[in-house]
*Asks:* 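Below is one structure. I have some questions about it.
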Amino acid sequence: MIPQFPEFKVVDVSDRESVEVHTHRYPPYSDFNFTSLWAWDTSGKRMISELNHNLVVRFTDYSTGETFLSFLGEVETERTARVLIDYCKTERFPTTLKLMPEISIKDIRSSVLRVEEDRDNFDYLYKVSEHARFLGGDFKRSRNFVNTFTREYPSARAEVADLADRGVQHSLVGVIRTWESNKIGANKTYELAHEEAAVGRLFETAGTHKLVVTAVFEGNAVRAFSIDEVLQDQYGISHFQKGDVRYKGIYDFLIQEKSKHLEVLGVVYINFEQDLGVEGLRRSKLAYRPMEFLKKYKVSLS
């Protein structure tokens, strides 16, 4: 059971059904997806509550440690936001509500609270059928990358893997470490530890998720993988997607192959989550031609 605000409880794997009572009413905002809530709670501090029949989440920013609140729902949204902001004042948390889904701000008046688009956290939504084929001028770049990859690595193949298999887990961690070593950044060690911890939480609870793991093999080695979840109402969400960029075109090959399989499973729309304001990531996500965004906002005192 999810407690009533102002009581909170730490997110536990047993909370899936209670959380999905809320999330299944709306498009799949990545931050409120239960698998995401669970996997990325690597510090064990993510908490949930209910207020006015809305799902309230107490997030902790993994890079800064900062606590902030958000909620998903459409019941008394203005009143709910005010109560949460007042609570943040009392608890000395930042008083800006973040990652607020569009559905949660629709009745908030600008004269009462300030509402700002949070472009860096918009979720990207795509048509799976387009990625399964890469047809037309919009996808010429992706077709070229797939052709380059299959020409240079004719033995490469994509297979569906078992997330509970220890050998598969070891291979996926190896890809994450290779991907991290190819990045340019100052805090690689911390990022790698956080990423591995999040994936490790999925390993521990593999049997409780409707996850599809697509692995790209070159020879006997896994060079890229994607972990995707099949959701309700023909939706899916991509939780992790990593590859060795030394293999040119490997991401496009991975995306096309996993999309073919997800299409067979009945997934029509796939959420690739947000770009976090990272310029290169934004260019990449836009290149795959999103059909729309799931918009998110910041809400604060006027």
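Quick note: residue numbers are just sequence positions, from 1. Just so it is clear, the structure is predicted and the values come from calculations on it, not from any experiment.
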*Asks:* Is the shortest side-chain N to carboxylate O distance from E117 to K298 below 4.0 Å?
*Replies:* no
*Asks:* Side-chain donor-acceptor pairs under 3.5 Å in residues 135-146, sequence neighbours left out?
*Replies:*
{"unit_1": "S142", "atom_1": "OG", "unit_2": "D252", "atom_2": "OD2", "d": "2.9"}
{"unit_1": "R143", "atom_1": "NH1", "unit_2": "F134", "atom_2": "O", "d": "2.9"}
{"unit_1": "R143", "atom_1": "NH1", "unit_2": "G136", "atom_2": "O", "d": "2.6"}
{"unit_1": "N144", "atom_1": "ND2", "unit_2": "K140", "atom_2": "O", "d": "3.4"}

*Asks:* E229: which residues meet the salt bridge (charged side-chain N to carboxylate O under 4.0 Å, His left out) condition with it, sequence neighbours left out?
*Replies:* R16
*Asks:* Got a second to check how far E7's CD is from S49's OG, nearest 0.5 Å?
*Replies:* 8.0 Å
*Asks:* Going by an N to O cut-off under 4.0 Å, is there a salt bridge joining R114 and E116?
*Replies:* yes
*Asks:* Quick one: is the NZ or CZ of R119 closer than 6.0 Å to the six-membered ring centre of F293, and within 45° of its axis?
*Replies:* yes
*Asks:* Side chains of K258 and S238: any donor to acceptor distance under 3.5 Å?
*Replies:* yes
*Asks:* Are I237 and L125 connected, step by step, through hydrophobic side chains (Ile, Leu, Val, Met, Phe, Trp, Tyr) whose heavy atoms are closer than 4.5 Å?
*Replies:* yes
*Asks:* Should V128 and I255 be regarded as members of a common hydrophobic cluster, given that ILVMFWY residues are connected when their side-chain heavy atoms come within less than 4.5 Å of each other, either directly or indirectly?
*Replies:* yes
*Asks:* Identify whether the distance between the nearest side-chain nitrogen and carboxylate oxygen of E130 and R289 falls below 4.0 Å.
*Replies:* no
*Asks:* Under 3.5 Å, is there a donor-acceptor pair between the S30 and D123 side chains?
*Replies:* yes
*Asks:* Report yes if some heavy atom in the side chain of V160 is under 4.5 Å from a heavy atom in the side chain of V213; otherwise report no.
*Replies:* no
*Asks:* Within the distance-only criterion (no hydrogens, no angle test), does the side chain of T77 pair as donor or acceptor with the backbone N or O of G73 below 3.5 angstrom?
*Replies:* no
*Asks:* Could you walk me through whether S155 and F217 pass the side-chain contact (heavy atoms from CB on, under 4.5 Å) check?
*Replies:* CA-CA 8 Å; S155 65; F217 289 82; over 6 Å; no
*Asks:* Side-chain donor-acceptor pair under 3.5 Å between T80 and N54, yes or no?
*Replies:* yes
*Asks:* Keeping the roles fixed (side chain from D165, backbone from D162), state whether a donor-acceptor pair exists under 3.5 Å.
*Replies:* no
*Asks:* Does this structure show an ion pair linking K248 with E152, if we count only N-O contacts that are shorter than 4.0 Å?
*Replies:* no
*Asks:* Salt bridge check: are E180 and R177 linked by an N-O gap of less than 4.0 Å?
*Replies:* no
*Asks:* Checking D118 against K295 for the salt bridge (charged side-chain N to carboxylate O under 4.0 Å, His left out) test, could you report, in this order, the C-alpha distance in whole Å, the side-chain angles of both residues, the deciding distance, and whether it holds?
*Replies:* CA-CA 8 Å; D118 185 5; K295 294 183 177 181; over 6 Å; no
*Asks:* Less than 4.0 Å between a side-chain N and a carboxylate O, is that true for R82 and E78?
*Replies:* no
*Asks:* Can I get a per-line list of side-chain donor-acceptor pairs under 3.5 Å for residues 83-102, giving both atom names and the distance, sequence neighbours left out?
*Replies:*
{"unit_1": "T90", "atom_1": "OG1", "unit_2": "D86", "atom_2": "O", "d": "3.2"}
{"unit_1": "K98", "atom_1": "NZ", "unit_2": "E66", "atom_2": "OE1", "d": "3.0"}
{"unit_1": "E102", "atom_1": "OE2", "unit_2": "Y297", "atom_2": "OH", "d": "3.3"}

*Asks:* Keeping to residues at least two apart or across chains, list the ring pair (Phe, Tyr, Trp, His ring centres under 6.0 Å) pairs with something in residues 266-287.
*Replies:* Y126-F272, H131-F272, Y235-Y269
*Asks:* Is there a continuous path of hydrophobic side-chain contacts, each under 4.5 Å between heavy atoms, that joins V278 to V245?
*Replies:* no
*Asks:* Which pairs count as salt bridge (charged side-chain N to carboxylate O under 4.0 Å, His left out) when at least one residue sits in residues 34-52, sequence neighbours excluded?
*Replies:* none
*Asks:* Do F253 and V212 belong together in a cluster built from hydrophobic side chains that touch within less than 4.5 Å?
*Replies:* yes
*Asks:* Check whether F59 and V299 end up in the same hydrophobic cluster, where Ile, Leu, Val, Met, Phe, Trp and Tyr are linked by side-chain heavy atoms less than 4.5 Å apart.
*Replies:* no
*Asks:* Please name all residues satisfying side-chain contact (heavy atoms from CB on, under 4.5 Å) with R166, sequence neighbours left out, ordered by chain then number.
*Replies:* Q169
*Asks:* Any chance the side chains of K285 and Q274 put a donor and an acceptor closer than 3.5 Å?
*Replies:* no
*Asks:* Set out, in order, the CA-CA distance, both residues' side-chain angles and the distance that settles salt bridge (charged side-chain N to carboxylate O under 4.0 Å, His left out) for R282 and E279, then state yes or no.
*Replies:* CA-CA 5 Å; R282 179 168 296 185; E279 183 179 351; over 6 Å; no
*Asks:* Are there more than 12 heavy atoms of other residues, nucleotides or ligands under 6.0 Å from atom NZ of K210?
*Replies:* no
*Asks:* Can you tell whether the side chains of D120 and K296 come within less than 4.0 Å, N to carboxylate O?
*Replies:* no
*Asks:* Are there over 12 heavy-atom neighbours, none belonging to H24, within less than 6.0 Å of that residue's NE2?
*Replies:* yes
*Asks:* What do the steps show when you test W40 against F240 for ring-ring contact (aromatic ring centres under 6.0 Å, His included), and what is the final call?
*Replies:* CA-CA 11 Å; W40 288 101; F240 293 92; 5.4 Å; yes
*Asks:* Out of curiosity, I176 CD1 to S171 OG, how far, rounded to the nearest 0.5 Å?
*Replies:* 11.0 Å
